[in-house]
Each structure stands twice: as C-alpha cells, then as structure tokens.
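Just below is one structure, and these are the notes that go with it.
Reckoned from all heavy atoms, side chains included, excluding hydrogens, waters and symmetry mates. Counting convention: from 1, in listed order, for ligands and their atoms alike.
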Amino acid sequence: MSIPPVAPGYRGRFAPSPTGPLHAGSLVAALASWLDARAHGGLWLVRIEDVDTPRCVPGADQTILRQLAACGLHPDEPPVWQSQRTPLYQQALEHLVARGLAYPCACSRKDIEAALQQAGMTKPRHGELIYPGTCRTGLQGKPGRAWRLRTDISISNQPAGHEEPAQTATKIIASQVVHWTDRRLGPQQQDVAQEVGDFVLQRADGLFAYQLAVVVDDAAQGITHVVRGEDLTDNTARQILLQRALGLPTPQYLHTPLVCGANGEKLSKQNGAQALDVSDPLAALNAAAAVLGLPAQSGTLEHALARWTGLWRAQFTGSECSTLPTMQAQALHRRP
Ligand code: GLU
C-alpha cells in the first residue's frame, strides 16, 4: 500500500475512542504517550478513534480534547477523526484483497460456534471465537458479510521494527508466530494463525475494524512510537502482521500499566470509571504519574510535566527496551 511520506523523526500519538470522557485510566496512556514524545524531542498527535460509530457518545470527542488541554497536553498537529478516513481503510482492504490476503466471509456468530463445536474447538479466547477458516475457500453461494485477513499465508519473516516494506510470500502455513519487543514488558510473541485466527478487517455492518484502521492511521500519520494501555498488548501481533501484509513499517511499542476498577478489571465506564475531574489538573496528573512510577509534583503544571519528562527520558530513551532493567519495569507495573 502506498502512503505519502511524512517528515522523519519521532511521532507519537494518543488515540482515544470517544465512548465517553477521559477517566483516570485513559489519562495514564495520554500522559505516558505525551512524556515519551517530549522525552524524545518528538511530536505528539491526537487521533479520535470513532471508527466504531455505534459505540461513540456524541460530544465525547470534544470533552476529551478539553480534558487533555486542561492537563497541559496539547497536540502538535490538528487532531484527526477516523470517521473521516474511510477511503484510506477501503484502499488498504482492496490492496489486501488484490494480494489474496483478505477474503469475504458469510459466517454469522452462530455459524462460527457450530463449526467450532464440530471441530471440537469451542474455547473462546478473551470472549472472541477463533475463526475456523470456513470461508477461506469460498462463500458456497452465501452472501459475504465481513472481510477477514488470511493468517495462514506466510507474510514475512522480517523481525518487527524492520523499516523496509515486507515482500508478500504465498506459502500456506499452519502457524504464524509474530515476535516483537515491548519497550516496557520485554520480548513478546503470538501465533496469530493458531491463537487468533483469521480476524475481521471490515465488519458485517460495513464498518472497518479497529485493527485495520489503527494500522493504516499509524502509517499514514508516520507514527514511529506507539504508547498505549497494557490491555491492548494482545492486539499488537495482529497489527504487526497487517503492517507486513500492507508493506508498512512497524512502530516501536510500549504498553503502560492499567488502572483497575472495583472488580479488579481495567477501569472502564462499565465498572464505574468516573469522568476525569480536571478542575484540579495537577491532582489528576499526579494520580496518573503514580501509576507510571513517577513521583508526585507540586507547583505549576509546566514544572510537573517538565520534571516527569526528564525522569521519563532517563528511563525510556536511548536504550530501547531490551536493556530496560527488570526492577524498573516491575516498578512501573504497579496495579493499584
Ligand atoms: N482507541 C483505543 C482505545 O481507546 C486505543 C487504540 C490504540 O492506542 O491503539 O482503547
């Protein structure tokens, strides 16, 4: 896929879904991505991920932008909205279809459950069914509902982070292990073909899936470093596979610790996350900084942000991940 080049240098981003206002958990990812950009002397962008329109709350995008601004986190370029970028996602899907890497799927959830049961593979993974590949060889006269990526085709053996566009091979394989290194969590790997299966690129309702949109946008915006919540770690191998299939570069990844709700799960609207109170932005930032293992600050916002940038620089720049001492990684991994 050809994407116009952007100026070289560090480009990071914060990519909230406007399903509600920012809460204490989402501010952690916002602050960490901002600090990483500043510590590298780079640019920090904001992308509103409103691709899943039914889940979006009207006005939440503007609330998020206001909350970020109140905390002194100002994007270096005008924010972009995924809902306005559909032609880019369509182009990417067509590229994959033309290379035989994406195919239409006629299966409903019930069809998938039945096929999995027949094959004796009923265990869902994080609530998601591993697609058994029913429509890989054709729709058998049924109408196509969604589009999926073929994960059983060897896409590239290049390591993640390789800046050259990958060549697509056409060898059919049973497993597709993606190796990558998280700057905080260390080496990671996932067999996407076995553990996830052919995943959805465009949904039955016509909306493009998060996986495709995020990969296309990160490349189109020239993102070199992704800093986001640890709950998204599991998506990274899928995104790297898609980058390779589209011939796009792979950014560096750092996944931040999560703030947990009363039920021990990631703080979210569903488990009682309150909208972030930015009437005292330093208090909100101090709470986010504590999750990142950074000491509380007093004084002005500017002073606090500058102090944390210096500490972040000492910890996370220069030597990426593999040399990050385990003790530091553990300290950052605090789950309140
Ligand atoms: N939009 C996603 C979220 O709000 C973040 C996606 C990403 O950072 O890759 O959870």
| Does one side chain, of E94 or Q90, offer a donor that lies under 3.5 Å from an acceptor on the other? | yes
| task | Begin with the C-alpha distance, continue with both residues' side-chain angles, and end with the deciding distance and a verdict on side-chain hydrogen bond (donor to acceptor under 3.5 Å, both in side chains) for N235 and Y210. | result | CA-CA 10 Å; N235 293 270; Y210 157 69; 5.2 Å; no
| query | Can you name the side chain to side chain contact (heavy atoms under 4.5 Å, CB included) partners of D152, sequence neighbours left out? | reply | R136, R150, I172
| message | Once you measure the plane-to-plane angle for Y10 and H40, does it fall in the parallel (<30°), tilted (30-60°) or perpendicular (>60°) bin? | response | parallel
Show the distances, to 0.1 Å, for all pairs joining an N/O atom of ligand 1 and a protein N/O atom that are shorter than 3.5 Å, listing one pair per line.
| from | atom 1 | to | atom 2 | distance (Å) |
| --- | --- | --- | --- | --- |
| ligand 1 | 1 (N) | A15 | O | 2.8 |
| ligand 1 | 1 (N) | S17 | OG | 2.8 |
| ligand 1 | 1 (N) | E49 | OE1 | 2.7 |
| ligand 1 | 4 (O) | S17 | N | 3.1 |
| ligand 1 | 4 (O) | S17 | OG | 3.2 |
| ligand 1 | 8 (O) | R13 | NH1 | 2.6 |
| ligand 1 | 9 (O) | R13 | NH2 | 3.0 |
| ligand 1 | 9 (O) | Y210 | OH | 2.9 |
| ligand 1 | 9 (O) | R228 | NH1 | 2.8 |

| Should we say atom CZ of R85 is surrounded by more than 12 heavy atoms from elsewhere, each under 6.0 Å from it? | yes
| task | Would you check if there is a donor-acceptor pair between the side chains of H95 and R99 at a distance under 3.5 Å? | result | yes
